[in-house]
Amino acid sequence: MKFQAPRGTHDVLPADAYRWQHVHRVFAELAGQFGYGEVRTPAFEETELFVRTSGETSEVVNKQMYSFLDKGDRNLSLKPEGTAPAVRAYLEHGLGQPGQTTRLWYFTPFFRYERPGKGRYRQAHQFGLELVGSAAPEADAEIIEMTVELYRRVGIEARVNVNSLGRAETRARYREALLNYAEPYLRDQSDEIRARAALNPLRMLDSKDPEVISAMAGAPKVLDFLEEASKGHFDRLLCLLEEAQVPFEVAPNIVRGLDYYTDTVFEITTDLLGSSNDALCGGGRYDNLVSDLGGPPTPSVGVGIGVERLLIVMSELGLESPLAPLDAMAISATEAARPAIRQIAREMRSAGFSVVTDLDGRSLRSQLKRADQLGAVRAVIVGDEELTAGEVSVRLLASGDQVRVSRERLIEVLRGV
RNA sequence: GCGGGUAUAGCUUAGUGGUUAAAGCGCCUCGCUGUGGCCGAGGAGAUCGUGGGUUCAAGUCCCAUUAUCCGCCCCA
């Protein structure tokens with residue numbers, strides 16, 4: 001076998017593709033019910049877009065982007081996340097005015113150059129929601145409620161971890177307090193750990209290392225640093241989540257990997273992806289992102305939902321998506337009946353049924369066998385007898401019940417069964 | 001980017017350095033001349049991930065490489 005899919009990428013084969021279609025349908029319908037419009041943005045963008053939004057020091061921008069110069073010396077990158085391109089499109093095309101609320105959703109591949117593992121790929125996909133232009137806690141609540149509802153509709157009962165990081169100034173003060181607190185512990189640590197802590201002190205909070213966890217146990221809480229407005233926003237959000245009966249927990253230790261978040265951050269985690277990949281989705285408020293990209297001050301909130309991880313959890317929980325339906329296999333029992341069965345298949349398809357026919361002149365026996373394998377609900381059979389009588393046999397594969405009906409009545413009969 | 005495990009038929013796997021690499025599932029044909037699933041018989045399908053090396057002899061031992069899984073980092 002000479003070629004294989006590049007490291008960290010996967011082919012989605014027909015059996016799985018139907019599961020993808022299923023969750024895509026669920027998501028698109030949900031987004032539609034809340035009045036969100038779909039945006040489809042390019043696979044790559046100017047590198048600078050991601051540097052500006054995710055933060056120069058973020059892991060993603062630092063080492064995980066697929067960046068390249070094109071033949072016109074443009075510095076481009078495959079998108080490593082979905083929010084920045086969606087917001088770029090929002091601004092470029094003037095999808096909203098200041099003071100207006102614009103609701104967008106997307107389904108997109110994204111790319112990160114990192115070591116693949118379970119639930120972690122170099123090309124993965126996410127569903128995203130962006131609610132642009134509202135500062136209200138109600139906006140945060142809508143996004144979170146929709147996220148939980150999506151999981152609920154595919155059979156997953158999810159609990160949301162929410163936190164508030166406050167405004168940029170709050171975070172700067174908190175960061176300092178955290179470093180002060182951690183100083184005695186960090187003194188004895190390796191250079192690598194100290195460098196990481198200095199780069200992003202908040203990271204220490206969501207460490208999985210038991211030693212770090214216990215060292216940080218008494219750390220100051222960001223919630224105690226919030227300004228009045230942030231505090232009020234957060235409290236109001238929690239009330240709204242209760243009102244919506246969204247299962248949630250306040251998790252003061254959650255931070256997010258991207259720099260653009262302000263105030264609300266949230267994520268849903270699972271222990272079904274192995275010990276180190278636990279985020280099923282992540283989101284939050286990004287009040288400065290639009291203005292960072294040159295737009296007017298536009299408070300916004302959004303979420304990114306990992307599709308691969310969603311599908312992994314679904315199958316670990318035994319939540320199988322329905323099989324691709326096949327209404328019928330159209331079978332010719334004899335050579336002479338083949339033109340007739342092709343015509344019948346056409347008529348059935350015009351009437352909206354899914355129908356497969358044999359192309360290779362196989363025996364009745366093997367065509368029936370195939371019908372069984374394909375999971376066809378019924379076999380529609382024409383042989384010499386039916387041909388001369390102007391009839392067709394309709395056989396229900398599950399029960400073996402078989403009836404003969406005239407060709408004129410076929411569609412009517414199929415609709416009735 | 002660092003550490004560890006794994007790689008044999010389409011799939012899941014067995015295989016003390018020694019003939020022609022084995023099984024289950026799946027696939028094809030037949031028993032059953034126009035009726036699937038169950039059963040039975042037969043058949044196709046593998047240069048043992050790739051490239052080197054050690055050896056009289058390598059699927060088996062060694063090295064490298066690629067992929068994958070697990071842990072760290074980070075994240076969806």
Side-chain angles (χ1 to χ4, degrees), chain A residues 1-10 13 15 54 57-64 79-83 107-128 147 190 192-193 195-197 199-200 203 206-209 212 254-258 267-270 273-283 303-313 329 331-337 360 362-387 393-402 404:
Chain A
M1 211 183 313
K2 191 140 192 194
F3 293 107
Q4 27 187 317
R7 179 172 170 78
T9 68
H10 291 276
L13 305 177
S54 297
T57 57
S58 68
E59 183 92 1
V60 167
V61 165
N62 251 344
K63 8 189 216 187
Q64 298 185 340
K79 53 177 147 180
E81 56 106 22
T83 295
F107 167 67
T108 184
F110 65 96
F111 307 85
R112 290 183 196 173
Y113 190 87
E114 61 182 332
R115 185 127 179 172
K118 187 176 187 181
R120 175 200 289 163
Y121 311 108
R122 289 185 173 180
Q123 174 176 347
H125 299 76
Q126 68 181 198
F127 291 125
T147 302
S190 68
E192 192 195 338
I193 290 179
R196 208 153 51 221
L199 198 63
N200 192 345
R203 280 263 148 254
D206 70 345
S207 170
K208 278 129 200 148
D209 182 345
V212 178
I254 74 165
V255 300
R256 303 280 318 150
L258 307 174
E267 60 188 21
I268 291 173
T269 58
T270 175
L273 292 172
S275 59
S276 70
N277 302 324
D278 60 2
L280 267 185
C281 70
V303 63
I305 294 164
V307 178
E308 281 82 357
R309 291 182 178 185
L310 171 63
L311 289 168
I312 288 172
V313 169
M329 175 108 184
I331 295 175
S332 52
T334 59
E335 182 64 30
D360 302 305
R362 290 179 201 282
S363 66
L364 171 63
R365 207 176 128 71
S366 82
Q367 289 182 72
L368 270 165
K369 195 169 178 180
R370 174 67 61 200
D372 205 38
Q373 289 163 341
L374 294 176
V377 174
R378 42 179 102 63
V380 172
I381 306 168
V382 174
D384 293 341
E385 288 174 31
E386 288 89 347
L387 209 54
S393 294
V394 177
R395 182 181 184 83
L396 293 177
L397 275 310
S399 61
D401 294 342
Q402 185 166 326
R404 290 262 294 260

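To find a chain, count down the sequence lines: A is the first, B the second, and so on, and within it residues start at 1.
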The nucleotide from B:C73, B:C69, B:C75 with an atom nearest the side chain of A:R309 is B:C75
| field | Between B:U54 and B:C73 - C1' atom distance, rounded Å | value | 39 Å
Taken in chain and number order and not counting sequence neighbours, the residues that satisfy salt bridge (Lys or Arg N to Asp or Glu O under 4.0 Å) with A:E386 are none
| field | Nearest-angstrom distance, C1' atom, B:C72 to B:A64 | value | 25 Å
Checklist entry - Using the P atom in both, what is the distance from B:G49 to B:U6, to the nearest Å? => result 13 Å
Applying salt bridge (Lys or Arg N to Asp or Glu O under 4.0 Å) to A:R7 and not counting sequence neighbours gives none
Sorted by chain and residue number, the side chain to side chain donor-acceptor pair (under 3.5 Å) partners of A:D384 (sequence neighbours excluded) come out as A:T334
Quiz item: A:R395 side-chain donor-acceptor pair to B:G34 base, under 3.5 Å: no
Does any donor-acceptor pair link the side chain of A:E386 with the base of B:G34 at a separation under 3.5 Å? yes
Sorted by chain and residue number, the side chain to side chain donor-acceptor pair (under 3.5 Å) partners of A:T108 (sequence neighbours excluded) come out as A:K79
Sorted by chain and number, sequence neighbours left out, ring-ring contact (aromatic ring centres under 6.0 Å, His included) with A:F110 holds for none
Those residues at least two apart in sequence (or on a different chain) that pass side chain to side chain donor-acceptor pair (under 3.5 Å) with A:E335 are none
Worksheet item: For the side chain of A:E308 and the backbone of A:Y121, is there at least one donor-acceptor N/O pair under 3.5 Å apart?
Response: no
Whether the side chain of A:Q367 engages the backbone of A:R362 through a donor-acceptor N/O pair (distance < 3.5 Å, no angle test) should be reported. yes
Give one of base, sugar-phosphate or nothing for A:F111, where a contact means two heavy atoms less than 4.0 Å apart. nothing
Which protein N or O atoms sit under 3.5 Å from an N or O of nucleotides 28-30 of chain B?
unit_1	atom_1	unit_2	atom_2	d
B:C28	OP1	A:R370	NH2	3.2

In whole Å, measure the gap between the C1' atoms of B:A14 and B:A21 for me. 10 Å
### Query
Is A:Q126 close to A:I305 at the side-chain level, that is, under 4.5 Å between some pair of heavy atoms?
no
Looking across every strand, which nucleic acid part, if any, lies under 4.0 Å from A:Q123 by heavy atom: base, sugar-phosphate, or nothing? nothing
Students often get this wrong, so: under 4.0 angstrom with heavy atoms, is A:G375 touching a base, only sugar-phosphate, or nothing? nothing
Residue set satisfying salt bridge (Lys or Arg N to Asp or Glu O under 4.0 Å) with A:R404, at least two apart, ordered chain then number -> A:E385, A:E391
Taken in chain and number order and not counting sequence neighbours, the residues that satisfy side chain to side chain donor-acceptor pair (under 3.5 Å) with A:R122 are none
With C1' as the reference atom in both, quote the distance from B:C75 to B:G1 in angstrom, rounded to an integer.
15 Å
With a 4.0 Å cut-off on heavy atoms, is A:L280 in touch with a base, just the backbone sugar-phosphate, or nothing at all? sugar-phosphate
Where the side chain of A:Q123 meets the backbone of A:H10, is there a donor-acceptor pair that is under 3.5 Å apart?
no
With the side chain defined as heavy atoms from C-beta on, A:Q4 is closest, among B:G36, B:A76, B:A67, to B:A67
Mind checking A:E385 for me? I need base, sugar-phosphate or nothing, with any heavy atom below 4.0 Å counting as a touch. base
Comparing A:H10 with A:F110, nearest RNA chain B nucleotide closer to 5' gives the residue A:H10
Regarding the side chain of A:I381, the nearest nucleotide among B:U68, B:G36, B:G34 is B:G34
Discussion item. Taking B:G17 as the reference, what is the distance to B:U12 when you measure between their P atoms (whole Å, please)?
Written reply: 26 Å
Taken in chain and number order and not counting sequence neighbours, the residues that satisfy ring-ring contact (aromatic ring centres under 6.0 Å, His included) with A:F111 are none
Note on RNA chain B: ranges paired as stems (three or more Watson-Crick/G-U pairs in a row, both atom distances under 3.5 Å) are B:1-7 with B:66-72, B:10-13 with B:22-25, B:27-31 with B:39-43, B:49-53 with B:61-65
From the candidates B:G36, B:G34, B:A76, the one with an atom nearest any side-chain atom of A:D384 is B:G34
Checking all strands, does A:A376 fall into the base, sugar-phosphate, or nothing category for heavy-atom contacts under 4.0 angstrom? nothing
When the P atoms of B:U50 and B:U8 are compared, how many Å lie between them, rounded to an integer?
10 Å
Q.
Applying a 4.0 Å non-hydrogen cut-off, can you work out what A:A371 is touching in the nucleic acid: base, sugar-phosphate, or nothing?
A. nothing
For atom C1', what is the distance between B:G59 and B:A9, given to the nearest Å? 14 Å
Side-chain atoms of A:R115 come closest, of B:G37, B:C2, B:C74, to B:C2
Ranking B:U35, B:A76, B:U68 by distance to the side chain of A:P116, first place goes to B:U68
Once base and sugar-phosphate atoms are separated, protein heavy atoms under 4.0 Å mark nucleotides 5-10 of chain B, 5' to 3', with B, S and - as ------
Against the side chain of A:R120, the closest entry in B:G34, B:U35, B:C72 is B:C72
